[in-house]
Amino acid sequence: MAAPKVAVVGAGVIGLSTALCIAETCPSCSVTVLSDQFSPNTTSDAAAGMLIPHSCPGTAIHVQKQWFKETFTYLFSISNSAEASEAGIHLIFGWQVYKNTPDETPPFWSDVVLGFRPMSEAELQKFPHHRSGQAFTTLKCDCPLYLLWLEKRLKAAGAQLYTKKVADLWELHHEYDIIVNCAGIGAHQLVGDEKLFPVRGQVLKVHAPWVKNFIRDGDGSTYIYPGIHSVTLGGTREKDCWSLSPDPGTSKDIFDRCCSLEPSLRGAQVIKVKVGLRPSRQCVRLEKEVLSQGEVKLPVVHNYGHGAGGFSLHWGTAIVAARLVGECIAALQSSSSRAKL
Ligand code: FAD
């Protein structure tokens, strides 16, 4: 069989990382990324890019932990290399604070991030409206920089990237042997996944270079995430809302909530407002499917539905998707050698 041709649909953090992982683990295949939007116009560009997982109820905790750990390890090594500033990856220390102390034991990811511990009484004095909290160091991606870095790595690995809206995966079967579906919320229409729904999020990017530590209200409703060029203030979670237009009332509310956590932000200047639709479902769809039209078969690997945690989990799920692509290639090779007999 000639070099297998793989098409990856989608150029957010999931599509680009999956395509890169396939190109690196299967150098004999040709990888093409097809997407109607590239950075800076994807949901992934609107994300805060913090590595703090949200639990997905439909996925076993040990699986979520494995994906997070692989992603953390991968980005940690980038943060510790000469590539760090171009890739937009850095370590960041901060606090997750609670008004009511949670009864749960430490979260499943507490031994993956660095130096996780309860906040000291002295630290808690900074947050007079909160009773308890956790301090730790994690990683943050500057999302547009990281997406551009992934694109650059992909091109260096010989992959092709084309702008194309795919209306039906069967459009691709004449040209490609295997399709990888990383369409994010676009999978709702592309493969008719009714279990996938948007959770709209709005964030502000502000100029506040004096803010160096992250602060996250434990319920995830309000957060302050300092990045390389700006500080991200959030957030909102509006289930089933498809609107991509920023709402000025919401921006004011986010700003006020963040100022009550970090009063020095009152002096910050808003640079821009971003909106994105988190591709949410009970669990990430990470599986093989063989589509058929009569005798014709089309192997597909799905990797979408990362909800609020695409950056936190992307490399872990890319590794699994690349392994599933490897299994599809092996199946194609064995059926092509059987056909020759
Ligand atoms: P996308 O980035 O939406 O990419 C999908 C791609 O598929 C796009 O390129 C699109 O153009 C393409 N596409 C779709 N349909 C088609 C089609 N039919 N044909 C061709 N191309 C198609 N996660 C974290 O881990 N940490 C955070 O701090 C964080 N903060 C967030 C803050 C906000 C405000 C939001 C909205 C999200 C946040 N997230 C965060 C979640 C994260 O953004 C998502 O989980 C992640 O971006 C999903 O990536 P994706 O590649 O699946 O989707």
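What you see is a predicted model; the values in this text were computed from it and never measured.
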(message) Aromatic contact between Phe214 and Trp95, with the criterion being ring centroids under 6.0 Å apart: yes or no?
(response) no
(request) Determine whether Ile179 and Val9 make a side-chain contact, defined as any pair of heavy atoms from C-beta on separated by less than 4.5 Å. (result) yes
(request) Could you tell me whether Lys65 and Asp111 make a salt bridge, using a distance below 4.0 angstrom between a side-chain N and a carboxylate O? (result) yes
(message) Any side-chain to backbone donor/acceptor pair from Ser110 onto Pro106? Under 3.5 Å, distance only.
(response) no
(request) Could you tell me whether a side-chain N or O of Gln125 sits under 3.5 Å from a main-chain N or O of Ala122, the two making a donor and an acceptor? (result) no
(message) Between Lys274 and Asp45, does any NZ, NE, NH1 or NH2 come within less than 4.0 Å of an OD or OE carboxylate oxygen?
(response) no
(message) Would you compute the distance between atom CG of Leu75 and atom OG of Ser312 and round it to the nearest 0.5 angstrom?
(response) 9.5 Å
(request) Give the ring-plane orientation class for His173 versus Trp170, where under 30° counts as parallel, over 60° as perpendicular and anything between as tilted. (result) perpendicular
(message) Donor-acceptor pair, distance only, cut-off 3.5 Å: does the side chain of Asn181 make one with the backbone of Ala183?
(response) yes
(request) Give a yes or no answer on whether the side chain of Ser280 reaches the backbone of Arg278 with a donor-acceptor pair at less than 3.5 Å. (result) yes
(message) Would the distance check show the side chain of Gln37 and the main-chain N or O of Ala11 forming a donor-acceptor pair, the cut-off being under 3.5 Å?
(response) no
(message) Please check this pair: side chain of Glu24 against backbone of Cys21, looking for a donor-acceptor N/O pair closer than 3.5 Å.
(response) no
(message) Would the distance check show the side chain of Thr236 and the main-chain N or O of Gln202 forming a donor-acceptor pair, the cut-off being under 3.5 Å?
(response) yes
(message) Assess whether a salt bridge exists between Glu83 and Arg153, defined as any Lys/Arg side-chain N lying under 4.0 Å from an Asp/Glu carboxylate O.
(response) no
(message) Check Glu175 with Lys5, please: is the shortest side-chain N to carboxylate O separation under 4.0 Å?
(response) no
(request) With sequence neighbours excluded, give me every side-chain hydrogen bond (donor to acceptor under 3.5 Å, both in side chains) pair touching residues 292-301. (result) none
(request) Return yes if some donor-acceptor pair links the side-chain N/O of Lys99 with the main-chain N/O of Asp217 below 3.5 Å, else return no. (result) no
(message) Just so I know, are the side chains of Cys258 and Thr222 near enough to count as touching, which here means a heavy-atom distance under 4.5 Å?
(response) yes
(request) State, with a plain yes or no, whether a side-chain heavy atom of Gln96 is found less than 4.5 Å away from one of Phe136. (result) yes
(request) Please check if the side chain of Thr71 supplies one atom and the backbone of Trp315 the other of a donor-acceptor pair under 3.5 Å. (result) yes
(request) Please find out if less than 6.0 Å separates the ring center of Trp109 from that of Phe72. (result) no
(message) Taking ring-ring contact (aromatic ring centres under 6.0 Å, His included) as the definition, give me every residue that meets it alongside His90, ordered by chain and number, with sequence neighbours left out.
(response) none
(message) Testing the 3.5 Å rule here: is there a donor-acceptor pair between the side chains of Arg216 and Tyr225?
(response) yes
(message) Could you check whether any side-chain heavy atom of Asp36 comes within less than 4.5 Å of a side-chain heavy atom of Thr163, counting everything from C-beta outward?
(response) no
(request) Supply the atom-to-atom distance His302 NE2 to Leu190 CG, rounded to the nearest 0.5 angstrom. (result) 9.0 Å
(request) Take Glu194 and Arg281, measure what salt bridge (Lys or Arg N to Asp or Glu O under 4.0 Å) needs, and give me the verdict at the end. (result) CA-CA 9 Å; Glu194 295 289 334; Arg281 69 202 294 286; over 6 Å; no
(message) Side chains of Thr250 and Asp253: any donor to acceptor distance under 3.5 Å?
(response) no
(message) Could you measure the distance from the CD atom of Gln160 to the OG1 atom of Thr32? Nearest 0.5 Å is fine.
(response) 5.5 Å
(message) Rounded at 0.5 Å granularity, tell me how far SG in Cys241 sits from CG in Asp247.
(response) 9.5 Å
(request) For the residue pair Leu114 and Leu91, establish whether any side-chain heavy-atom pair is separated by less than 4.5 Å. (result) yes
(message) Any non-hydrogen side-chain atom of Cys328 less than 4.5 Å from a side-chain atom of Lys288?
(response) yes
(message) Is there a path of hydrophobic side-chain contacts, each under 4.5 Å between heavy atoms of I/L/V/M/F/W/Y residues, joining Ile22 to Leu172?
(response) no
(message) Counting only heavy atoms not in Lys69 (residues, nucleotides, ligands), do more than 12 fall under 6.0 Å from its NZ?
(response) no
(message) Check this for me, if you would: do Arg266 and Asp256 make a salt bridge, where the nitrogen-to-carboxylate-oxygen distance has to be below 4.0 angstrom?
(response) yes
(request) Please tell me if the side chains of Leu332 and Ile178 come closer than 4.5 Å, counting only heavy atoms from C-beta onward. (result) yes
(request) Look at the side chain of Gln134 and the backbone N and O of Val97, then say whether any donor-acceptor pair between them is shorter than 3.5 Å. (result) no
(message) Under 3.5 Å, is there a donor on one side chain and an acceptor on the other for Glu151 and Ser39?
(response) no
(message) I'd like to know if the side chain of Ser260 pairs up with that of His129 as donor and acceptor (distance under 3.5 Å, no hydrogens or angles considered).
(response) no
(request) Indicate if Leu150 and Val180 have the same hydrophobic cluster label, given that clusters are the connected sets of ILVMFWY residues with side-chain heavy-atom separations under 4.5 angstrom. (result) yes
(request) Apply salt bridge (Lys or Arg N to Asp or Glu O under 4.0 Å) to Glu262 and Arg257, showing your working. (result) CA-CA 9 Å; Glu262 175 54 68; Arg257 279 189 275 132; over 6 Å; no
(message) Quick check: do Glu86 and Ile78 have side-chain heavy atoms less than 4.5 Å from each other?
(response) no
(message) To the closest 0.5 Å, what do you measure between CZ (Arg237) and CG (Asp219)?
(response) 7.5 Å
(request) Using the side chain to side chain contact (heavy atoms under 4.5 Å, CB included) rule, pick out the option among Gln66, His314, Glu70 that qualifies with Ile319. (result) Glu70
(message) Quick check for you: to the nearest 0.5 Å, what is the distance between Phe311 atom CZ and Ser44 atom OG?
(response) 4.5 Å
(message) Listing request: all ring-ring contact (aromatic ring centres under 6.0 Å, His included) pairs with a residue in residues 175-213, at least two apart in sequence or in separate chains.
(response) His188-Trp242
(request) For Asp193 and Tyr304, test the side chains for any donor-to-acceptor distance below 3.5 angstrom and give the result as yes or no. (result) yes
